[in-house]
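I have placed the structure first, in the form of structure tokens, so that the comments after it can refer back to it.
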Amino acid sequence: MRVLAREQASKGDDSSKGEPGRFERQRQEKLSAIRQMGIDPYGGRYEGAESAADIRSGYKEDDESQRAKCAGRITLLRDIGKLIFMTIRDWSGTIQVGLSKKLMGERWPLAKLLELGDIIGAAGKLGKTKTGEITIWADEVTMLSKSLLHPPEKFHGLSDIDLRYRQRYVDLWSNPEVMELFKKRSAILSTIREYLKGLGFIEVETPMMQSIAGGAAAKPFITHHNSLGMDLFLRIAPELFLKRLLVGGMEKVFEINRNFRNEGLSRQHNPEFTMLELYQAYADYNVMMDLTEEVTCLLVEKYCEDTKVRFGDTSIDFARPWRRSSYAELLAKYSGCDIDDIDSLRKKAAELGIEQAQMDDTVVVHEVFEATVEKNLSNPTFVIDYPAALCPLTKTKRDNEAYAERFELYVAGMELANAYTELNDPAVQEENFRLQLRGQAESMATMDSDFVTALKYGMPPAGGLGIGIDRLVMVLTGATSIRDVVLFPLLKPTTDWDPKRDKSRLGTP
RNA sequence: GGGUGAUUAGCUCAGUCGGUAGAGCAGCUGACUCUUAAUCAGCCGGUCGCAGGUUCGAAUCCUGCAUCACCCA
């Protein structure tokens, strides 16, 4: 990867690290010149500016007295001598500002000092140029923030993928489609919240720091509380707390928040990721399936041009109804193995290079499922009725205790959602916890006996659903890497990183 | 964890057989009152990711390390 711009700027003509580079010094000189003109280069409250998009759409051809006021960053600059055109970008788009020596008068020297990256406000008559571009002919220009670092190339923007993630603040304004994507992500979340509230759900917040990391099978991050002298886990799932709320009498709850899993990074995995979890009393996994399909299709309708959405070099067809197939059917179709034929499944696992000697039969089955089925599920597919052994928090099917009332939704080969008919029998739950704990390290796995206590008071039968929001945004926007839909994805530090430091910073006395 | 590739100017990228570093953009100087990635002329700008090695000579070949990307587990 490349060194950060700031560090790179300090190379070359500077011997010591941290000193400003050539370009930064030039910009510092302009900043000083602005100060000498009695102007604060960092501005202040600036009122009355309209968005660039509103200015454009509000332009009236026949109104010669129309004025406009904008604020934003200079992203293009064309200096024609006594006339300067600049393209100002705000988060709605761009608007052209024309600065002329005649209109600027004694402020003209300021206009000449402005450069790419500076943030300014401008006001003046709104008109069109000879070539038809809507333009604010500025008679007032306000310096709002001097940019001291060199902007990326004006045409290609910032394209180094590593730099884009590390300096998202530059990526956002130099690559407008990135801004659009994150605005869309926010809109998607708003739509989900509105939809759920419309169904009578309430949004809640449950602990991110938990003394027992439950609700999923994943390695947790461990942190430490100094005054209590105890380790805590960052949550891997909110499930067990949300279900306590069902016990408490909250009938429809949801939470949209971060989960943390101490596992590998990939195009589909960031260690912290945003999860929607919801629970509905008196429902089951069929209700959850309908809800998942409804809300996703609503989002596709709202945020995609068509039910067919491009994703990498494939396309996803969200047209309803979505396929619903049982786990066993799909396993048979794609691995060629019968789910009850463990010998052939172990043989298949061996062919696939899965280290399965130490694994329970059910784990082997699931490994084969993951290796053979998942990548084939491109269009939305509900995989229903999982082997009960994989589902310690799920009610089993009434007619067959070997299977649980659980589905996972797969799209583009990714697990997008996971839902159960929630197990509400405390005795069965306690037994499942015991089975789950067997053979695990003591520190990692503790029985959540309070959750069992809660169930003993009585939890209504319920459907529960989790949707991976980052992955949902990926399929809705065609982003093939989770890092493209997370503003600040986790990256390794590039410099001055000492692994020893981390221990000492934990704060253990 | 393994494999492959990438890392060159502020940014976007070239760099042939190993012969001593290039372009565009931006920056600086100058010209220009209707430009649209403005244009024109001139100029500046590099520890070629880092550390070693081979060689008369390394951006180029070799080893190690770092970060990123992709593939595999």
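Proteins get letters first, then strands, A, B, ... in listed order; numbering begins at 1 in each. Values reported hereafter were calculated over all heavy atoms of this structure, with side chains retained and with hydrogens, waters and symmetry mates removed. The structure displayed is predicted, hence computed values, not measured ones.
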Inset, instruction - State whether A:Phe488 and A:Arg168 meet the cation-pi test: NZ (Lys) or CZ (Arg) under 6.0 Å from the six-membered ring centroid, and within 45° of the perpendicular axis. - result: no

Legend entry - Nearest-Å distance for atom pair CD/P, residues A:Gln28 and B:G27: 17 Å

Legend entry - Atom pair distance, as rounded to whole Å: CZ in A:Phe23 and P in B:C25: 14 Å

Inset, instruction - Sort and list the pairs that fulfil salt bridge (Lys or Arg N to Asp or Glu O under 4.0 Å) and have at least one residue in residues 372-385 of chain A, not counting sequence neighbours. - result: A:Asp385-A:Lys397

Inset, instruction - Kindly write out the residues that satisfy ring pair (Phe, Tyr, Trp, His ring centres under 6.0 Å) with A:Phe382, not counting sequence neighbours, or none if the list is empty. - result: A:Trp322, A:Phe407

Inset, instruction - Please state the P separation for the pair B:G5 and B:A41 - nearest whole angstrom. - result: 42 Å

Legend entry - C1' gap between B:G64 and B:C25, integer Å: 37 Å

Legend entry - Distance in angstrom units between A:Asp160 CG and B:A69 P, rounded: 10 Å

Legend entry - Euclidean distance for P, B:A14 against B:G24 (whole angstrom): 16 Å

Legend entry - Residue mapping more 5' on RNA chain B - nearest nucleotide basis, A:Leu490 or A:Lys30: A:Lys30

Inset, instruction - Send over the distance from A:His150 NE2 to B:U12 C1', rounded to a whole Å. - result: 12 Å

Polar atoms only, N or O, under 3.5 Å: list the protein pairs with nucleotides 70-73 of chain B and their distances.
residue	atom	partner	partner atom	Å
B:C70	OP1	A:Arg267	NE	2.7
B:C70	OP1	A:Arg267	NH2	3.2
B:A73	O3'	A:Gly353	O	3.3

Inset, instruction - Quick one: stems involving RNA chain B, counted as three or more successive Watson-Crick or G-U pairs, both distances short of 3.5 Å. - result: B:1-7 with B:66-72, B:10-13 with B:22-25, B:27-31 with B:39-43, B:49-53 with B:61-65

Inset, instruction - Any pair with a residue in residues 358-371 of chain A that passes salt bridge (Lys or Arg N to Asp or Glu O under 4.0 Å), sequence neighbours left out, goes on the list, sorted by first then second residue, please. - result: A:Arg346-A:Asp361

Inset, instruction - For A:Gly98, report the nucleic acid contact type (base, sugar-phosphate, nothing); a contact means any heavy atom under 4.0 Å. - result: nothing

Inset, instruction - Taking syn as within 90° of 0 and anti otherwise, name the glycosidic form of B:C17. - result: syn

Legend entry - Whole-angstrom distance between B:A9 and B:C65, as gauged at atom C1': 25 Å

Inset, instruction - Can you figure out which of B:U67, B:A69, B:G10 approaches the side chain of A:Lys492 most closely? - result: B:U67

Inset, instruction - Between protein and nucleotides 33-42 of chain B, map the contacts as a letter string: B base, S sugar-phosphate only, - none, heavy atoms under 4.0 Å, written 5' to 3'. - result: BBBBBB----

Legend entry - d(CG, A:Leu163; P, B:A6) in whole Å: 19 Å

Inset, instruction - Among residues two or more places apart or on two chains, list those pairs meeting salt bridge (Lys or Arg N to Asp or Glu O under 4.0 Å) that have a residue in residues 178-187 of chain A. - result: A:Glu180-A:Lys183, A:Arg185-A:Asp470

Legend entry - Pairwise C1' distance, B:G57 and B:G19 [rounded to whole Å]: 7 Å

Inset, instruction - Could you tell me which non-hydrogen atom of A:Tyr42 sits nearest to which non-hydrogen atom of A:Ser145, and how far apart they are? - result: CD2-OG, 3.5 Å

Inset, instruction - Quick one: list whatever passes ring pair (Phe, Tyr, Trp, His ring centres under 6.0 Å) with A:Tyr410, sequence neighbours left out. - result: none

Inset, instruction - Using whole Å, report how far OH of A:Tyr165 lies from P of B:C68. - result: 11 Å

Legend entry - Gap in Å between the two C1' atoms, one belonging to B:G22 and one to B:C62, rounded: 27 Å

Inset, instruction - Step through it carefully: locate the ring centre of A:Phe233, locate the ring centre of A:Phe221, and say whether they are under 6.0 Å apart. - result: no

Inset, instruction - Could you list all the salt bridge (Lys or Arg N to Asp or Glu O under 4.0 Å) pairs where at least one residue sits in residues 96-116 of chain A, not counting sequence neighbours? - result: A:Arg27-A:Glu115, A:Lys30-A:Glu115, A:Asp79-A:Lys112, A:Glu115-A:Lys146

Inset, instruction - Send over the distance from A:Arg166 CZ to B:A66 C1', rounded to a whole Å. - result: 11 Å

Legend entry - For A:Trp108, all residues meeting ring pair (Phe, Tyr, Trp, His ring centres under 6.0 Å), sequence neighbours excluded: none

Inset, instruction - Could you give the distance separating B:U16 and B:G52 at their C1' atoms, to the nearest angstrom? - result: 28 Å

Inset, instruction - Would you please name every residue forming a side-chain contact (heavy atoms from CB on, under 4.5 Å) with A:Gln36, sequence neighbours left out? - result: none

Legend entry - Per A:Asp162 side chain, nearest of listed nucleotides B:U67, B:A69, B:G10: B:U67

Inset, instruction - Rounded off to whole Å, could you give me the CD1-to-P distance for the A:Ile74 and B:A26 pair? - result: 14 Å

Legend entry - With A:Trp137 via ring pair (Phe, Tyr, Trp, His ring centres under 6.0 Å) - residues at least two apart: A:Phe85

Inset, instruction - Using a heavy-atom cut-off of under 4.0 Å over every strand shown, decide if A:Arg27 touches base, sugar-phosphate, or nothing. - result: nothing

Legend entry - Integer angstrom distance from the P of B:C48 to that of B:A59: 7 Å

Inset, instruction - Look at A:Arg164 together with A:Asp160 and state whether they make a salt bridge at an N to O cut-off of under 4.0 Å. - result: no

